[in-house]
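First comes the structure, then the notes that go with it.
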Amino acid sequence: MVRVIRWVCEKCKRKWIYPVATCIYCTGHIKKAVGRKTKVIGNTKVFVPCPPHPIIPYNVLILKDEHGNKMPKKTMRDYKVGDTYEDAPSSDEKAVAIVKVKYDFFEAVDEAFELIGGLKLEPKARILIKPNISLPMASYLGAVTNEKLLDALLIWLLGKGIKKENITIAEQSFFAPLEKCIEKSGIQETLDKHGIKVTDISKAEFIEKKEREFTFKASKLAYQSDLMINLPVIKTDMYLGLDGAFENLVRFLSKENFEQLSADKKKAAHALAALPKIFPKFITLGDGSIGMQGNGPAEYGEPGFFNMVFAARNPVAHDAAVSRILCLPTPPFVELAGKLGMGEYDAGRIIAVGNEIDAVRREVKLPTGSPIMKKA
Amino acid sequence: MNMNMELSYIKGAGMTKFGILRKPSHLLAYEAASEALHDAQMSMDKIDAVVVASLDWFFSDEKQRHFASMLSSVFRTNIPIIRTPTGCSSGGTALWTAQQLGYDNVLVIGAEKLMTCKTESITDEFMMAAESRIEQLEGLNFPAQNALVAQEYMLRYPETTTEHLALIAYKNHCNALLNPKARFYGKPVSLEEIKKSHIVASPLRLYDCSISTDGAAACIVSKDKTDIKIAGSDMCTDFLGIFEREEGTSWEAACISSKNAYRQAGAGPEDIDVAELHDAFTIVELIGYEDLGFAQRGKAYQKIESGYFRLGGKLPVNTSGGLKAKGHPVSATGLAQINELVAQLRGKAGERQVKNARTALAHNVGGAGGSICCTILKKMNGAV
């Protein structure tokens, strides 16, 4: 399951660990080689912590694939030299794929979906993608979806035979004109490349959906696809604590409905907890490639450089895992949703695939502006 | 590829004590430079250029970038000042660079102030010299990298064990006891303590790892003929990620740079009387013995056991105490090696003097073999 990637010149056979376009020695064509069968050829147990790797001891393995290419792999599990290294995928609702983004977003997306058991897609399937393009900020600041991840996802879907006319990217902004958000985010180039436009949710129809004591006005777009891919940016949030799968769904609501539900802060957490239930089942692909830390979700936060993407069939498990990884307490709305039977909210019971939660846990700058969150 | 450069001489050398020092890095640089100028009996106005080795530290309280201009302030000069940041080999690289410039007199300085933050932060700082998207993400800090090198070596050559690594550490600590500028001067460490120290990254223990320290060192490279000739000098690089390289038990950059330096000097490993090797980790010194031709592949353990590399042995290595026990202020290290070898060749190494030392070698490594400088010095006038 773990992928060892090299970019290889077909002519002179030089190899790179980076995605180079051409060979600067012989101008030969570069081909990507991905190794998937790995054996352990070296291992060390490390007892020295540092801020990005605070939990010790941890192991670093050197894996060698079927092409003879090597790569390091951090794990909390013990291995011996000669062991086969494998990651078993899981399509369980409690499974969360944790994938480190190295130099190739496409491989990260492919690996993430593979780890949650794969996505069965009919060629005629209609796909709805819900990214975060809600703020007029450049994506390198970690406030909006990384356009490289969106590009990789689109390439992945098109590679599975999905037609571009059956792909809808939907978003709205409560703070600025959507066109300005798209322009500032850097996503336009990706949209132009694939010939896909963003559908403005605020200009589409809303329908009423009731869940528990709440009345939601949700975009009809959310009910017009065969598969929705929720593509949130992972951010610490000084109001909510964490922006992830749950928060990204609020922009399916009408602005008016959103403001009404947010007016009462206590009720807002309950409403947010109930929100995923009004939508058909969806997949979350969490964008932690850059992400945000500190006083997010906007201009007071700063880039997190988490270098990870996450995938899950269940938004509760997704947000529970992500908050644990960032050393945040489980957000109250996630815990509440879990207690209402919507998914696994206890990070200790989550099935982490790709990387163990403890292997990627790292301290981040906390949203000190949030009165309801304390450090885990 | 090899540079056919005009070889130079060392006119003066100086260094600060290594330890937890109060001065900021630019004043450490000044102190080392003053000592080197005094040693050369020169004034700063005779210097044509400065090459400085220092790194920009993320966690440091100094918050000082643009070090070149900072040194212009400190030295009150407008001459060119060039930085050579190649991790732990910055000092060696600075020395090599100085020889390429074509000036009459170049002041070469390495200065580092590490001891301003917690060990965890220093570990993270060092780890930033590893490949960022793969090695750093996978927690491959430098103890871990070198531990994997040690493991691969001991799997391939099972006669070598951690006992041999402990002997290297012990040798260097014994030498540091005789070096007033070393961090472990006056602080003896027993072999037992070394063997029982806690594991840092298996199989490496605490005393297999060099000690972080503040410090600065300098020398003056000159076209004037002096008693110390730079007879051979080369700098080579290798792929940053150790996992990218085919071979883990030998560092190609060391093999190439030493081969070139030997050829320039008209010498071979058998001609070296004293050497300073880059023992950031004991395993690095061990594979250095083999890469530099002091021992056959896989057989260095025999010479370690026989005391070949001890003071009083056939080829004393790290008489200064090495990075292990003298200390490792990153950018200053390569020039501190030169300081020690100049003292040896001039007969001024006191209790750690190697008799009849005429040819010396310095081996300075950046990262886990990502950049390596080998310098051969020859004594020109008479014996010690």
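Chain A is the first sequence line, chain B the second, and so forth, proteins listed ahead of strands; every chain is numbered from 1.
The pair A:Lys45-A:Asp78 meets the salt-bridge criterion, since a charged nitrogen lies less than 4.0 angstrom from a carboxylate oxygen. A:Glu86 and A:Lys39 are not joined by a salt bridge, as no carboxylate oxygen comes within less than 4.0 angstrom of a charged side-chain nitrogen. With respect to the salt-bridge test (charged N to carboxylate O, under 4.0 angstrom), the residues B:Arg245 and B:Glu252 do not qualify.
Under the side chain to side chain contact (heavy atoms under 4.5 Å, CB included) test applied with B:Cys236, the options B:Ser257, B:Ser371, B:Ser89 reduce to a single match, B:Ser257.
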Next on the checklist: As a quick check of understanding, evaluate ring-ring contact (aromatic ring centres under 6.0 Å, His included) for A:Phe47 and B:His198, giving each step before the final call.
Outcome noted: CA-CA 9 Å; A:Phe47 292 84; B:His198 64 258; 8.3 Å; no

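Your options are B:Arg133, B:Glu246, B:Glu244, and the one with the most heavy-atom pairs under 4.5 Å with chain A is B:Arg133. Chosen from B:Leu204, B:Asn141, B:Thr119, B:Leu155, the residue pairing most often with chain A at heavy-atom distances under 4.5 Å is B:Asn141. In terms of heavy-atom pairs under 4.5 Å with chain A, the best-connected choice from B:Pro203, B:Ala201, B:Ser202, B:Gly248 is B:Ser202. Among B:Ile199, B:Leu140, B:Leu148, the residue making the largest number of heavy-atom pairs under 4.5 Å with chain A is B:Leu148. Between chain B and the options A:Val81, A:Asn69, A:Thr44, A:Val48, heavy-atom pairs under 4.5 Å are most frequent for A:Thr44. Between chain B and the residues A:Lys15, A:Met71, A:Lys73, A:Met308, the largest count of heavy-atom pairs under 4.5 Å involves A:Lys73. Taking A:Val46, A:Thr75, A:Leu63 one by one and counting their heavy-atom pairs under 4.5 Å with chain B, the maximum is reached by A:Val46. Your options are B:Ser132, B:Ser121, B:Gly139, and the one with the most heavy-atom pairs under 4.5 Å with chain A is B:Gly139.
Only the side chain of B:Glu131 comes within less than 4.5 Å of a heavy atom in chain A; its backbone stays farther off. Neither the backbone nor the side chain of A:Arg362 has a heavy atom closer than 4.5 Å to any heavy atom of chain B. For chain A, no part of B:Glu152 is nearby; none of its heavy atoms comes within less than 4.5 Å.
Taking the ring axis of A:Phe105 as reference, the NZ or CZ atom of A:Lys148 does not stay both within 45° of it and closer than 6.0 Å to the ring centre.
Within 6.0 Å of atom NZ in A:Lys31, 12 or fewer heavy atoms from other residues, nucleotides or ligands are found, so the atom counts as exposed in its surroundings.
A ring-centre distance under 6.0 Å is found for A:Tyr103 and A:Tyr18.
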